[in-house]
Asker: 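I have a structure I would like to understand better, so I am pasting it below and will then ask my questions one at a time.
Here is the naming used below: chain letters follow the sequence lines, and residue numbers restart at 1 for every chain.
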Protein chains: 2
Amino acid sequence: MTNNFELSNNERLVMDVLGRENSPKSAYMILDELRGSGFRAPLQVYRALEKLIGMGRVHRLESLNAFIACNHISCEKTGGTAFVICNRCEHVQEVCDDSVSLFLSGLAKKTKFKASKTSIELHGICDACEDA
Amino acid sequence: MTNNFELSNNERLVMDVLGRENSPKSAYMILDELRGSGFRAPLQVYRALEKLIGMGRVHRLESLNAFIACNHISCEKTGGTAFVICNRCEHVQEVCDDSVSLFLSGLAKKTKFKASKTSIELHGICDACEDA
DNA sequence: CTTTGGTATGTTATAACATAACATTAAATA
DNA sequence: TATTTAATGTTATGTTATAACATACCAAAG
Ligand SMILES: [Zn+2]
Ligand SMILES: [Zn+2]
Ligand SMILES: [Zn+2]
Ligand SMILES: [Zn+2]
């Protein structure tokens, strides 16, 4: 890799697909969207995703086995991110503020635990869908 | 189903496997442990798991694609459960107290969201493994 | 320049996780 | 007994993820 701010060709293609809309996509959905650009195999997607996640540019949603572009400048500096996922419209809200990091650090302290990776995901109905 | 407190034969077998130790098991690990009891296909496991999860007797760990017996009387009455999972010894701590439910309800309020399912999972190193 | 070593990419095969669709059995109830 | 409901069995398939190996590319060292 040249540096953390430049993307390789495949990484940029995957980033572009995820950047187009604020909705989660599975690796295989990404693969299908990129067949026209020469992608043939899952690994091309998974390798790019691994890098992008490492850079903090993409998040993995564990409860969906799917991926989404980060919509913050950087989630890396915070203590964690919570994802609020509407089951109806698929829209995802990304929350990373003090309430999240305080909750996580409190939980770690209470359980005498050193957390290296966290996942907070809520499923339900968003405000827009509730009104509609 | 007879009622919520009785288990079918397959449900009891799956519950027994999960009840033996406080560690997560994948559906296919459970299947393999139950081949001697006549299990042949994944669906036998998945169907039992679905019921047991519905009863609150088993939890699904989204970040592991695995399942674990609930170690509380009932998590159902609370606002949510957090799982603290050691990457080294595989031990899982289950936390469902006010701090969890307050965090979740606060997050839902802040995002104007009606949550129907939540998942909080921390990965890292537990106290015992840290000392060792 | 050319060798060497690192990084990215390509390809095939397979592992791991999950469900659809349909058949059969067993138990409840009318 | 006839009807129907819940549980189970079976086969096939769909979906997600990684292992293992091969190739291409490019930059620095010799
Ligand atoms: Zn983010
Ligand atoms: Zn919505
Ligand atoms: Zn529980
Ligand atoms: Zn441990």
Asker: Between the protein and nucleotides 8-10 of chain D, which nitrogen or oxygen pairs come in under 3.5 angstrom?
Answerer:
{"residue": "D/dT8", "atom": "OP1", "partner": "B/S8", "partner atom": "OG", "Å": "3.1"}
{"residue": "D/dT8", "atom": "OP1", "partner": "B/N9", "partner atom": "N", "Å": "3.3"}
{"residue": "D/dT8", "atom": "OP1", "partner": "B/N10", "partner atom": "N", "Å": "3.3"}
{"residue": "D/dT8", "atom": "OP2", "partner": "B/S8", "partner atom": "OG", "Å": "3.0"}
{"residue": "D/dG9", "atom": "OP2", "partner": "B/N10", "partner atom": "ND2", "Å": "3.0"}
{"residue": "D/dG9", "atom": "OP2", "partner": "B/Q44", "partner atom": "NE2", "Å": "2.4"}
{"residue": "D/dG9", "atom": "N7", "partner": "B/R47", "partner atom": "NH2", "Å": "2.4"}
{"residue": "D/dG9", "atom": "O6", "partner": "B/R47", "partner atom": "NH1", "Å": "3.1"}
{"residue": "D/dG9", "atom": "O6", "partner": "B/R47", "partner atom": "NH2", "Å": "3.1"}

Asker: Give the rounded distance in Å between these two atoms: CD of A/E62 and P of C/dC17.
Answerer: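 For the pair A/E62 CD and C/dC17 P, the rounded distance is 13 Å.
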Asker: Keeping the roles fixed (side chain from A/Q93, backbone from B/T111), state whether a donor-acceptor pair exists under 3.5 Å.
Answerer: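 Flag set: sc A/Q93 to bb B/T111 pair under 3.5 Å.
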Asker: Would you please name every residue forming a salt bridge (charged side-chain N to carboxylate O under 4.0 Å, His left out) with B/R47, sequence neighbours left out?
Answerer: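 By the salt bridge (charged side-chain N to carboxylate O under 4.0 Å, His left out) rule, B/R47 matches no residue at all.
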Asker: Could you check whether any side-chain heavy atom of A/S101 comes within less than 4.5 Å of a side-chain heavy atom of A/L104, counting everything from C-beta outward?
Answerer: no
Asker: Would you mind reading off the distance between B/L64 atom CG and C/dC17 atom C1', rounded to a whole angstrom?
Answerer: 13 Å
Asker: Taking only residues two or more places apart in sequence, or in another chain, which ones meet A/S99 in a side chain to side chain donor-acceptor pair (under 3.5 Å)?
Answerer: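 Checked A/S99 against side chain to side chain donor-acceptor pair (under 3.5 Å); matches are A/D97, B/K110.
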Asker: Side-chain N or O of A/K51 versus OP1/OP2 of C/dT7: is the shortest distance under 4.0 Å?
Answerer: no
Asker: Grab the CG-C1' distance between A/L49 and D/dT18 for me, whole Å please.
Answerer: 14 Å
Asker: Is there a residue in residues 12-29 of chain A whose heavy atoms reach under 4.0 Å of DNA chain D, and which residues are they?
Answerer: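 Close to the strand are A/S26, A/Y28.
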Asker: Measure from CD on B/E50 to P on D/dA7 and round the result to the nearest Å.
Answerer: 11 Å
Asker: Are the side chain of A/E121 and the backbone N or O of A/E62 linked by a donor-acceptor pair below 3.5 Å?
Answerer: yes
Asker: Please go through B/I68's hydrophobic cluster and name the other residues, only I, L, V, M, F, W, Y counting, with side-chain heavy atoms under 4.5 Å joining them.
Answerer: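 The other cluster members (ILVMFWY side chains, heavy atoms under 4.5 Å, direct or chained) are B/L61, B/L64, B/F83, B/I85, B/V92.
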Asker: Side chain of B/P42 only, please: which of D/dA17, C/dT19, C/dA8 is the nearest?
Answerer: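 Nearest nucleotide to the side chain: C/dT19.
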Asker: Run the side chain to side chain donor-acceptor pair (under 3.5 Å) test against A/D16 and tell me which residues pass, sequence neighbours left out.
Answerer: none
Asker: Can you tell me if CZ on B/R12 sees more than 12 non-hydrogen neighbours from other groups inside 6.0 Å?
Answerer: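 Enclosed: over 12 neighbouring heavy atoms sit under 6.0 Å from CZ of B/R12.
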Asker: Can B/R20 and B/E33 be counted as an ion pair, charged N to O under 4.0 angstrom?
Answerer: yes
Asker: OP1 or OP2 of C/dA18 less than 4.0 angstrom from a side-chain nitrogen or oxygen of B/N65, does that happen here?
Answerer: yes
Asker: When the distance from CG of A/L31 to C1' of D/dT18 is rounded to whole Å, what number comes out?
Answerer: 15 Å
Asker: Rounding to a whole Å, what distance do you find between A/Y46:OH and C/dT14:C1'?
Answerer: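 A/Y46 atom OH is separated from C/dT14 atom C1' by 14 Å.
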